[in-house]
There are 2 protein chains.
Amino acid sequence: MNKKRITLKEIATELGVSISTVSKSLNNSPEIGEETKKKVVAFAKAHQYRTNTIALSLKNRKTKTIGVIIPEIVHYFFSNVINGIENYASQQGYNVIIAVSNESFEKEVLQMEAMANGFIDGIIISLAKETLKKQDYYHLQETMAMGIPVILFDRVTSNLSCDKVVVDDKSGAEAATTFLINKGRKKILLLSTQDYLNVGNHRTNGYLDALKKNGIFPDNRLIIKCNDQRSSEEEMVVLEKQIEALIDEGVDFDGVFAVNEIYLAAALRVLRAKNIKVPKEVSMICFTDGVISRYTTPRLTTVSQHAEEMGITSAELLIEKLEDESSMDKTITKIIQCSIVEREST
Amino acid sequence: MNKKRITLKEIATELGVSISTVSKSLNNSPEIGEETKKKVVAFAKAHQYRTNTIALSLKNRKTKTIGVIIPEIVHYFFSNVINGIENYASQQGYNVIIAVSNESFEKEVLQMEAMANGFIDGIIISLAKETLKKQDYYHLQETMAMGIPVILFDRVTSNLSCDKVVVDDKSGAEAATTFLINKGRKKILLLSTQDYLNVGNHRTNGYLDALKKNGIFPDNRLIIKCNDQRSSEEEMVVLEKQIEALIDEGVDFDGVFAVNEIYLAAALRVLRAKNIKVPKEVSMICFTDGVISRYTTPRLTTVSQHAEEMGITSAELLIEKLEDESSMDKTITKIIQCSIVEREST
DNA sequence: TATTAACACTAAAACGTTGTAGTAAAATTT
DNA sequence: AAATTTTACTACAACGTTTTAGTGTTAATA
């Protein structure tokens, strides 16, 4: 049954013409006479000729494929970004290869090398936590040196000179905090991450700035920086304990701003257990407009990072670089603005 | 700066030997003298020679790449499956290309054709809702006829003869329903989907069977088949209204079994609004062990479909087919057993 | 009528590999 | 010393395309 794929050569011998004639006919070249063209095209269609992309790639030295490396795929933000990339790319005739670093430096390097070894024209990547901590960007520099364009998104570094797409974390955090302040909240609990993650860092700064601009003196007891290692399950238990302890110690707060959904969901659980009313007594907001926010009770007000837009923008930037030689020199950084999605928790 | 990639030919001229010698040296062939080998290997390393995978693919007629087509990527189950596929595949030296059909028949066909046009050795796919409704599998048959192995997972059809990986939906649903019955519940609300989705269909049957085996007569008012078109946001509003109406009409139930997380989350919201205690008054369970279940209050008891395992199994099946010619004839269907993850809602 | 232009096609190289077959020179055997 | 084997290489085809540079015919021009 295996009807295998037919090649130009086979069509040529079958039809008694040369390979070039077949190729040119199929590409509708004016060099070939109308009759011959028709004959070839008809035969090709009848035998379901499909041009072999690999041979083409070899010849053109481009694969029309872009590689994406993300820290995690089971993740609302990242899967949305991919969605954006995939949509734009496939619409532009590009394939998308996905690789997952699992937040590991080593795996990121491996995946990057595998991709750079052919098969992709350019790379879109969000750095693994480990890479950010290590600050070792040799693999990226190598790839770029080979003439493969790299676009960094979300988890970026200033140590690399390439196109970047970032969320305006700081002003998003500032807006979120200000949003709570405008609702009359003054004692706002911040649930953030360790500082080496620029994301957490920027958001913490935005929070601090908002307080400052509103003349509120920050209270260190109200700033929790979660130690986000691996398993988010365990992490949550620890965080819940911390918040519980805070309440038990009598540290008072009337607002919570978390740098992601799950931190806020954890806080919500604790408040519920302590029978504290949300949003009446405590108003809550967080980054990442994901699934969780839509299904808790009350639903969570969030700061949307427009993940899909980030994906599209990254893909645009990359494809622009791939198709327009002259764009290779300049490096652009696109900043995606956040927006607040108000739900029931504020 | 562009140090481009060095080729065998360049190494050869540089070192004054033939291309074959270089190739063989790098592949550590016994045909080549030790000294020459050393020289070549050293030179190659110094210039960071990387073998061009595309040329290799053309030569070997295999790409070491597998294509995955899923209906949606921003989806806990599917992204987990991909995770499984990616893990196993990359461990076996395979790349993974992802494409999204967005539940559209047309896009599925397009993506499939793009993939089949070279670039992939085999395909793992979960069918789009539209395809299932249309029952048109010509594109899949074509691909298989071309000698490209296809593995179907989760959303499968009996009209195609190929390897399949499915969840034991029926017995999972039966187990879930029985689980509620064993907790003393008799009036169990079922939140399912339209029947053309075999998933919803099987789960409904499992529910029905469980009732039967326990001598409970099914109550049609307690079976809601959601009309799951596009936007899940709107869908939820409708579903919530339906459940609310049910309660207002005085239709009584003490358990809820939903075929997915979000239906159960919606139900939970309604019960909360009506001040009905979970799990005291109503016990709840659902399919899909996703993120939502972990962050609602109470956390939801779920039926895990072991998405990652499905991914791994699919990849195993495919790679087996790719590497072992003789396995091409037989078709296997692997059934992944579900398991119940008990949390706070029961 | 001789030259040129247009037409309809073909040959061959190139993209980067690998593997088969071939070839000198050196080493071994008879 | 001649025949054979071994060693250490090289040439070349092949994978499936596209493209450049031809090559005969026929038609148009001088």
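This structure is a prediction, so every number in the text was calculated from the model and none was measured. So you know, we letter chains A, B, ... as the sequences are listed, proteins then strands, and number each from 1.
- When the side-chain nitrogen and oxygen atoms of S20(A) are compared with OP1 and OP2 of dC9(C), none of them lie within a distance under 4.0 Å.
- One atom, CD of E35(B), and another, C1' of dA8(D), lie 11 Å apart when rounded to the nearest Å.
- In this structure, of dT18(C), dC15(D), dT17(D), it is dC15(D) that holds the atom nearest to the side chain of L58(B).
- Taking atom CD1 on I19(A) and atom P on dA21(D), their separation rounds to 20 Å, with Å as the unit.
- Dashed line: the shortest gap from a side-chain N or O of K9(A) to OP1 or OP2 of dA14(D) is not under 4.0 Å.
- Side-chain N/O atoms of R61(A) include none lying less than 4.0 angstrom from OP1 or OP2 on dA14(C).
- Put simply, NZ on K62(B) is 21 Å from P on dA14(D), counting in whole angstrom units.
- K24(A) comes within contact range of at least one nucleobase, with a heavy-atom separation under 4.0 Å.
- Taking atom CD1 of I6(A) as the reference point, atom P of dC15(D) lies 14 Å away to the nearest angstrom.
- In this structure, I85(B) and V96(B) have side chains that are in contact, with non-hydrogen atoms separated by less than 4.5 Å.
- Along DNA chain D, the nucleotide closest to G16(B) and the one closest to K59(B) are compared, and the more 5′ of them pairs with G16(B).
- A distance below 6.0 Å separates the ring centres of H139(A) and F105(A).
- Checked against the 6.0 Å centroid criterion, the rings of F43(B) and Y49(B) do not qualify as a close aromatic pair.
- As rounded to whole Å, 9 Å separates atom P of dT17(C) from atom CG of L26(B).
- Atom CD of E31(A) and atom C1' of dT18(D) are 11 Å apart (whole Å).
- A sub-4.0 Å separation between OP1 or OP2 of dT18(D) and a side-chain N or O of S23(A) is present.
- Using a 4.5 Å heavy-atom threshold, the side chains of T333(B) and V156(B) count as separate.
- Remark: P of dA8(D) and CG of L15(B) are 17 Å apart, rounded to the nearest angstrom.
- Projected onto DNA chain C by closest heavy-atom contact, N60(B) and I32(A) fall at different nucleotides, the more 5' of which corresponds to I32(A).
- Checking the phosphate oxygens (OP1, OP2) of dC9(C), a side-chain nitrogen or oxygen of T36(A) falls inside 4.0 Å.
- Contact annotation for L8(A): base contact, defined as any heavy-atom pair under 4.0 Å involving a base atom.
- Taking 3.5 Å as the limit, the base of dA11(C) and the side chain of S18(A) contain no donor-acceptor pair of atoms between them.
- Applying the 4.0 Å criterion to OP1 and OP2 of dT18(C), one finds that N27(B) has a side-chain N or O inside that range.
- Computed from coordinates, the F119(B) CZ to dT17(D) P distance equals 14 Å when rounded to whole Å.
- Between the side chains of T131(A) and E108(A), a donor-acceptor pair is found at a separation under 3.5 Å.
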